[in-house]
Amino acid sequence: MKTGKILVLNGPNLNMVGVREPAVYGNKNLESINSTVYSYAAGMKINCEFFQTNCEGELIDKIHSVYKEYDGCIINAGALTHYSYAVRDAIAAVDKPFIEVHLSNVDAREDFRKVSVIGPVCVGSISGFGVNSYLLAVNAMRDLI
């Protein structure tokens with residue numbers, strides 16, 4: 001089994017998961033989600049690093065780091081998913097696989113959440129499965145790196 005190094009990147013307001021709208025996003029906080037993902041990926045010999053920011057520029061800088069430092073990236077860009085062409089362009093500039101994830105089913109929510117400007121530059125999107133969205137992305141990433 002080959003090994004790999006991936007970045008799990010979370011954008012605005014994901015630091016409030018577990019507190020913010022638990023009926024939508026669940027009761028687990030981001031630290032707990034990251035711990036679950038880390039253990040799951042380690043079982044597949046994938047090393048995960050985690051980063052969360054509420055700042056678009058910091059998110060873009062971290063996306064750029066994937067080019068030299070990681071084999072791929074799992075990204076939950078939060079609300080930036082729906083309107084940030086800068087995040088979209090940053091992903092497109094990096095020649096590594098990105099998988100878009102969301103805890104909630106964005107297609108069953110407000111109309112503006114049904115549009116992803118980053119989806120077309122990611123290899124795939126997974127949403128609606130809570131923490132399992134991240135685990136499904138790790139499974140997919142294993143086959144891509």
For this session: Please answer whether the main-chain N or O of G78 pairs with a side-chain N or O of T81 as donor and acceptor at a distance below 3.5 Å.
Result: yes

Problem set entry | Validation row: L144, K96 side chains within 4.5 angstrom (heavy atoms) | no

Exercise. Distance-only, no hydrogens or angles: does the K28 side chain make a donor-acceptor pair with backbone N or O of V131 under 3.5 Å?
Worked result: no

Exercise. Out of curiosity, M141 CE to I99 CD1, how far, rounded to the nearest 0.5 Å?
Worked result: 4.0 Å

Exercise. Any luck finding a side-chain donor-acceptor pair between Y134 and N34 under 3.5 Å?
Worked result: no

For this session: Examine distances only and state if a side-chain atom of N132 and a backbone atom of L135 form a donor-acceptor pair shorter than 3.5 Å.
Result: no

Problem set entry | Flag side-chain contact, heavy atom, 4.5 Å: L103 against I33 | yes

All N/O donor-acceptor pairs, side-chain side in residues 56-67, below 3.5 Å, sequence neighbours left out:
from	atom 1	to	atom 2	distance (Å)
E56	OE2	S84	OG	2.4
E58	OE1	T53	OG1	2.5
S65	OG	K62	O	2.6

Exercise. Between atom OH of Y40 and atom CG of N139, what is the distance when rounded to the nearest 0.5 Å?
Worked result: 3.5 Å

Exercise. Do you know the tightest heavy-atom contact between N54 and N13?
Worked result: OD1-N, 2.8 Å

Problem set entry | From N76 atom CG to S125 atom OG, the distance as rounded to the nearest 0.5 Å | 11.0 Å

For this session: Would you give the length of the straight line joining atom OG of S133 to atom CD of E100, rounded to the nearest 0.5 angstrom?
Result: 10.5 Å

Problem set entry | Parallel, tilted or perpendicular, as decided by the 30° and 60° cut-offs, for the rings of H102 and H82 | parallel

Problem set entry | Any donor-acceptor pair under 3.5 Å from D71 side chain to I6 backbone | no

Exercise. Given side chains that start at C-beta, do those of V121 and F98 come closer than 4.5 Å, heavy atoms only?
Worked result: no

For this session: Supply the atom-to-atom distance Q52 CD to N15 CG, rounded to the nearest 0.5 angstrom.
Result: 4.0 Å

Problem set entry | A41 versus C48, closest heavy-atom pair with distance | CB-SG, 3.4 Å

For this session: Mind checking salt bridge (Lys or Arg N to Asp or Glu O under 4.0 Å) for E31 and listing every partner two or more places apart, or none if nothing turns up?
Result: none

For this session: Compare all side-chain heavy atoms of V101 with those of F129 and state whether any distance is below 4.5 angstrom.
Result: no

Exercise. Side chains of F50 and L9: does their closest heavy-atom pair fall under 4.5 Å?
Worked result: no

For this session: May I ask you to say whether K5 pairs ionically with E69, meaning some side-chain N is under 4.0 Å from a carboxylate O?
Result: no

